[in-house]
Amino acid sequence: MIMVEIRKKTEDILELLYLFAFILYIGFFFLGNTMFQIDWPQFFYSDLRTFITGIILVRAACSKQYKTWEAVTVLGLYLLFSMAYARNGYGEYMYLLVLVIGAKGISLKKLIKIYAAVTAVLLLITIGAALSGYIDNLTYYQEGRRTRYAFGANYPTDFSAMIFYLLLAWFYIRGKRLKYIEIGFACFLGVFVYWFCDARLNTICILGTCLLFAGHKIFMARAEKKQKGYQIAKPVSILLILSGILCGILMTGLTILYTPNNPVINFIDNALSSRLRLGHKGIEIFGFTFWGQNIPMIGLGSTTKDVDFYFFLDSSYIYNLLQFGLMIALLLLAVWTAAAGKAYVYRQWELLLILAVISVQCMVEHHMVSVAFNPFWMVLLADFSGKDPKDMKKRRGIK
């Protein structure tokens, strides 16, 4: 009995340490996307990963939470990710992986609440610092567009992406309790980023998410009125689960097929602010590799000066394919799809919608793997409700 209590207290302490490291991760990567000039200790970046990896190993040794297949899967992913990291030098997915592994058994809602709280506080501080002149509020005057403000972020689209993911976190936290007035406020923020940041694609994503959740509430209310259990139709659920794969195939296909002579694809490229053209250029110059490669990118972030040779891979799918390599890109899609499948098994409909929305948004944004923006990778191993899906099916009479 005493040993059980000691083990329980040890697990609680280790969970608190993990959550502390989780907060540090979010804060570190969030501030890296702002105009704050912070001199971090020389090895802070790598030491943080070492610290959290140690916590994960001790948690695994002290608990029986990891099933055999989970342990094998996690070990396989860690080995493959480490091999790729040694070859291409990109650490984003390694830091993400250790966070996902460490989230095992921890409440997903708790993790998203922490993400939302840290991000909201830092975002308000960043906006205040920018408006007060403490840090640069980058202002862009681009031909044919309104004046664009970054509000302390590295670029206006980065700021709008921060708003987008923070809203998704709020929608998940609120879940079935989400009110129409909250959806209306989210719409207002969508209009705000359109007017002040001219972030058209993120505005569409924000407003589209609002419409999606408004429709979701209407269908739930109808099901309640008929005293029926609400669930998304199976064909639609399958599409939502496969949204990451489908969006990846679509964006990659359009990018490969890009040619300025094709009026349809050229129209799509213009609507996507040259993302197809730049992605196609990246494929032509660097090509696809199995382990990934270092690709120098020159964007407009962190400065208002014009660049001579602009080249940036905005689409997460093309970014992952070219920089991280075919293997990591495919593994990331597999993990994302497995997370969506888990949301479906547990009947977490709001979460399933959020994962699908992120899949669409990542066609035009490169923040898919950044925990400062997208904390929903934790779905894979985090705890939803403590209920076994088999027991849930039995209670619903599903065999």
- Under 4.5 Å between any side-chain heavy atoms of Q293 and R87, yes or no? no
- Message: Side chains of E365 and N202: any donor to acceptor distance under 3.5 Å?
- Response: yes
- Note on the structure: Note: I173 and A116 closest approach over all heavy atoms is CD1-CB, 3.9 Å
- Message: Please check this pair: side chain of S315 against backbone of M363, looking for a donor-acceptor N/O pair closer than 3.5 Å.
- Response: yes
- List the steps, then state whether side-chain hydrogen bond (donor to acceptor under 3.5 Å, both in side chains) holds for H367 with N33. CA-CA 11 Å; H367 301 301; N33 287 283; 5.1 Å; no
- Item | L351 side chain reached by F376 side chain, heavy atoms, under 4.5 Å | yes
- Item | Beyond-backbone contact of F30 with T126, side-chain heavy atoms, under 4.5 angstrom | yes
- Message: Nearest 0.5 angstrom please: N154 CG to L138 CG, how far?
- Response: 7.5 Å
- Hey, is the main chain of R275 close enough, under 3.5 Å, to the side chain of D314 for a donor-acceptor pair? no
- Task: Start with the C-alpha distance between C187 and L207, add both sets of side-chain angles, then the distance that settles side-chain contact (heavy atoms from CB on, under 4.5 Å), and finish with yes or no.
- Result: CA-CA 6 Å; C187 288; L207 297 181; 4.1 Å; yes
- Query: Do Y346 and L352 come within less than 4.5 Å of each other through their side chains, counting heavy atoms only?
  - Reply: no
- Which value, rounded to the nearest 0.5 Å, describes the distance between I249 atom CD1 and L254 atom CG? 12.0 Å
- Short question: side chain of N266, backbone of N262 - any donor-acceptor pair under 3.5 Å? no
- Message: Check whether K342 reaches the backbone of A382 with its side chain - one donor and one acceptor, N or O, closer than 3.5 Å.
- Response: yes
- Message: On a heavy-atom basis, which atom in A329 and which in L321 lie closest, and how many Å separate them?
- Response: CB-CD2, 3.8 Å
If you look only at distance, which donor and acceptor atoms sit under 3.5 Å apart when one is on a side chain in residues 72-82 and the other is two or more places apart or in another chain?
unit_1: T73; atom_1: OG1; unit_2: W69; atom_2: O; d: 2.7
unit_1: S82; atom_1: OG; unit_2: Y78; atom_2: O; d: 2.7

- Kindly say whether R277 contributes a backbone atom to a donor-acceptor pair with the side chain of S274 at under 3.5 angstrom? no
- E15 versus L19: any side-chain heavy-atom pair under 4.5 Å? yes
- Message: Name the residue from Y230, F171, W349 that meets the ring pair (Phe, Tyr, Trp, His ring centres under 6.0 Å) definition with H216.
- Response: Y230
- Do I106 and D383 have side-chain heavy atoms sitting under 4.5 Å apart? no
- Go through the steps to decide whether F213 and L178 satisfy the test side-chain contact (heavy atoms from CB on, under 4.5 Å), and finish with yes or no. CA-CA 9 Å; F213 271 80; L178 186 69; 4.0 Å; yes
- Pair K217 + E350, salt bridge at N-O below 4.0 Å: no
- Item | With D12 via salt bridge (Lys or Arg N to Asp or Glu O under 4.0 Å) - residues at least two apart | K8
- Side-chain contact test, heavy atoms from C-beta onward, threshold under 4.5 Å: evaluate it for M251 versus L276 and give yes or no. yes
- Item | Results of salt bridge (Lys or Arg N to Asp or Glu O under 4.0 Å) for D198 - residues two or more places apart only | R145, R146
- Message: If you apply the rule side-chain contact (heavy atoms from CB on, under 4.5 Å), what do you find for F28 with I38, and how did you get there?
- Response: CA-CA 10 Å; F28 177 77; I38 301 174; over 6 Å; no
- Message: Quick check against the 3.5 Å criterion: does N88 have a side-chain atom that pairs as donor or acceptor with the backbone of A84?
- Response: yes
- Item | W377 side-chain N/O to L332 backbone N/O, donor-acceptor pair under 3.5 Å | no
- Message: Taking the ring of F185 and the ring of F192, is the distance between their centroids below 6.0 Å?
- Response: no
- Query: Between the side chain of Y149 and the main-chain N/O of V193, is any donor-acceptor distance below 3.5 Å?
  - Reply: no
- Query: Do you know the tightest heavy-atom contact between L355 and A340?
  - Reply: CD1-CA, 3.6 Å
- Item | Y134 atom OH: more than 12 heavy-atom contacts under 6.0 Å | no
- Message: Can you confirm whether the side chains of N320 and H366 place a donor and an acceptor under 3.5 Å from each other?
- Response: no
- Looking only at non-hydrogen atoms, find the nearest pair between V371 and Y115 and report the distance. O-CE1, 3.8 Å
- Message: Using every non-hydrogen atom in the two residues, find where G152 and A130 come nearest and quote the distance to one decimal.
- Response: N-CB, 3.4 Å
- Query: What distance do M378 atom CE and F22 atom CZ have between them, rounded to the nearest 0.5 Å?
  - Reply: 5.0 Å
- Query: When rounded to the nearest 0.5 angstrom, what distance separates CD1 in I183 from CG in L167?
  - Reply: 11.0 Å
- Note on the structure: Taken to the nearest 0.5 Å, the spacing of L189 CG from L166 CG works out to 8.5 Å
- Return the minimal non-hydrogen interatomic distance between G282 and L322, and the atom names on each side. C-CD1, 3.7 Å
- Message: Are Y140 and Y155 an aromatic pair, judged by ring center distance below 6.0 Å?
- Response: yes
- Message: I'd like to check I218 versus Y180 (side-chain heavy atoms, cut-off strictly below 4.5 Å). Are they in contact?
- Response: yes
- Task: In sequence, state the C-alpha distance, the side-chain angles, and the governing distance for Y18 and L99, and then conclude on side-chain contact (heavy atoms from CB on, under 4.5 Å).
- Result: CA-CA 9 Å; Y18 170 84; L99 281 180; 4.0 Å; yes
- Message: Can you tell me if F29 has over 12 outside heavy atoms packed within less than 6.0 Å of its CZ?
- Response: yes
- How about F20: does its CZ atom have over 12 heavy atoms from other parts shown lying under 6.0 Å from it? no
- Task: Indicate whether the side chain of E182 and that of W170 have a donor and an acceptor atom separated by less than 3.5 Å.
- Result: yes
- Query: Quick one: are the ring centres of Y319 and F324 less than 6.0 Å apart?
  - Reply: yes
- Message: Using a 3.5 Å distance criterion without hydrogens, assess whether the side chain of S316 forms a donor-acceptor pair with backbone atoms of M368.
- Response: yes
- Measuring from F188:CZ to W195:CH2, what's the distance to the nearest 0.5 Å? 13.0 Å
- Determine yes or no for a side-chain-to-main-chain donor-acceptor pair under 3.5 angstrom, with S132 supplying the side chain and A129 the backbone. yes
